Every structure is written in C-alpha cells, then in structure tokens.
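Note sheet for the following structure.
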Amino acid sequence: MRMRHALAAVAAAVSVAAVTAGPAQAAEYTSALKVKGVQYDAPGTDSNRCSGGNTKNEYLTIKNYSRTAKVNLKGYVVKDAAGNKYTFTANHTLEPGDYVKLRGGKGTNSDAGNVVYRQNCNFIWNNDKDTIYLLKPGGAKADVHSYTKRANDPDANGYINYHG
C-alpha cells in the first residue's frame, strides 16, 4: 500500500515538472517603448563610407505604445549582441503613439522629423543574425529581439516588423 502511494506521488511530481518545464517563452517587457521594427540590412551594397555610403538606410524604429504617457528617450540605450551601442544623450520626448527612427551614419537629429542619427558610419546590425536590446536609463530591459535572416525575414527585404 505504501509503495502505491509512493509511486503515485512520484508520478504526480514528474507530471508537474513536465508541465512547468515547458519551452521557454520570450519575455514581454512592461516598457511603453518597444522596437517597432528594424531595417537590419540596408538596401544595396553595404558601404560604411561617411560620404556616399548607405549606413543611413539601416535603422531601428522605436515606438511609444502608451496611450497616455510621454517618454523621454534621454538615457535609453540601444545595443547589439556584440556590445555595439548607442545612448540617447539628448532629450527626445515621444508622445503617446509616436516613434523615432535611429539611423546609422551622420546627420541632423530632428524631433519634427522623428529621426536621430548615431553619428557613426559603421553598421550596427548584422545582415545574417543579431540581437537588439533596448535598455532603460537604469539598465533594465525595455525590449529585446533576436533575429536571423532566414527565420524572420521571409521576403528577404532586410526589414523585420516586431510590434506593428
């Protein structure tokens, strides 16, 4: 009799462990700011020349998905898996539903044009696979996405849409 109860307890424990040890889900962060999409592969042949190159055509779109809160980007960090990063050092406030495109290359930042330039002519995103981190000013994750060209870009246009 004790053996049956012991076996039943072990079987129940294994069932619970199997249910709780399912596949890992991607974390959904509570930040109002999220990565809307990424042009990880700039159209054309890659050229990181500051004059005549196409790093401006590689960009990350960050959107404020809040319905009511304004969010200042100052102090937020965008980085890739290799640790290349960009820190928003100036005030740039996104209204609810507003977005900004963080572009490579050099240019003039514009609140009205919803664009910020990294002031760096090197590409940040890999054309085959990478991980995009959007970090809050204190370092907490606001949003994270990994991609591979084969799995996440079926039309092979170099653009991936995340949060629509």
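A quick note: this is a predicted structure, and the numbers were derived from the prediction, not measured.
Y133 and D143 form no side-chain donor-acceptor contact under 3.5 Å, judged by distance and modelled atom types alone. Under 3.5 Å, the side chains of N72 and H92 contain no donor-acceptor pair of N or O atoms. Of the N and O atoms on the side chains of N122 and N48, at least one donor lies less than 3.5 Å from an acceptor on the other residue.
What you find for K106 and C121 is that their closest heavy atoms are CG-SG, 4.1 Å. Smallest separation of non-hydrogen atoms from Y40 and N126: CD1-O, 3.6 Å. The two atoms that bring W125 and T131 nearest to each other are CZ3-O, 3.9 Å, heavy atoms only. Taking both residues in full, the closest heavy atoms of A32 and V71 are given as CB-CG2, 4.2 Å, listed atom of the first, atom of the second, then distance. Of all non-hydrogen atoms in P96 and S66, the two that sit nearest each other are CB-O, 3.2 Å. For I62 against L94, the heavy-atom pair with the smallest separation is O-CD1, 4.0 Å.
By the 30° and 60° cut-offs, the orientation of the rings of H145 relative to H163 is perpendicular.
Residues satisfying the salt bridge (Lys or Arg N to Asp or Glu O under 4.0 Å) criterion with K149, sequence neighbours excluded, are D41.
Tested against N152, the residues V38, I160, N161 include a single side chain to side chain contact (heavy atoms under 4.5 Å, CB included) partner, I160.
In terms of modelled atom types and a separation under 3.5 Å, the side chain of Q39 and the main chain of G158 share a donor-acceptor contact. Put simply, the side chain of N54 gets close to the backbone of S47: a donor and an acceptor are under 3.5 Å apart.
Note that K101 lies in the cation-pi zone of Y59, set by a 6.0 Å cut-off to the ring centre and a 45° limit from the axis. Relative to the six-membered ring of Y117, R103 misses at least one condition, a distance below 6.0 Å or an angle of at most 45° to the axis.
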Output a table of donor-acceptor pairs, distance under 3.5 Å, between side-chain atoms of residues 73-87 and any protein atom two or more places apart or on a different chain; print 'none' if there are none.
unit_1, atom_1, unit_2, atom_2, d
D80, OD1, A82, N, 3.2
D80, OD1, G83, N, 3.0
D80, OD1, N84, N, 2.7
D80, OD1, N84, ND2, 3.4
D80, OD2, N84, ND2, 3.0

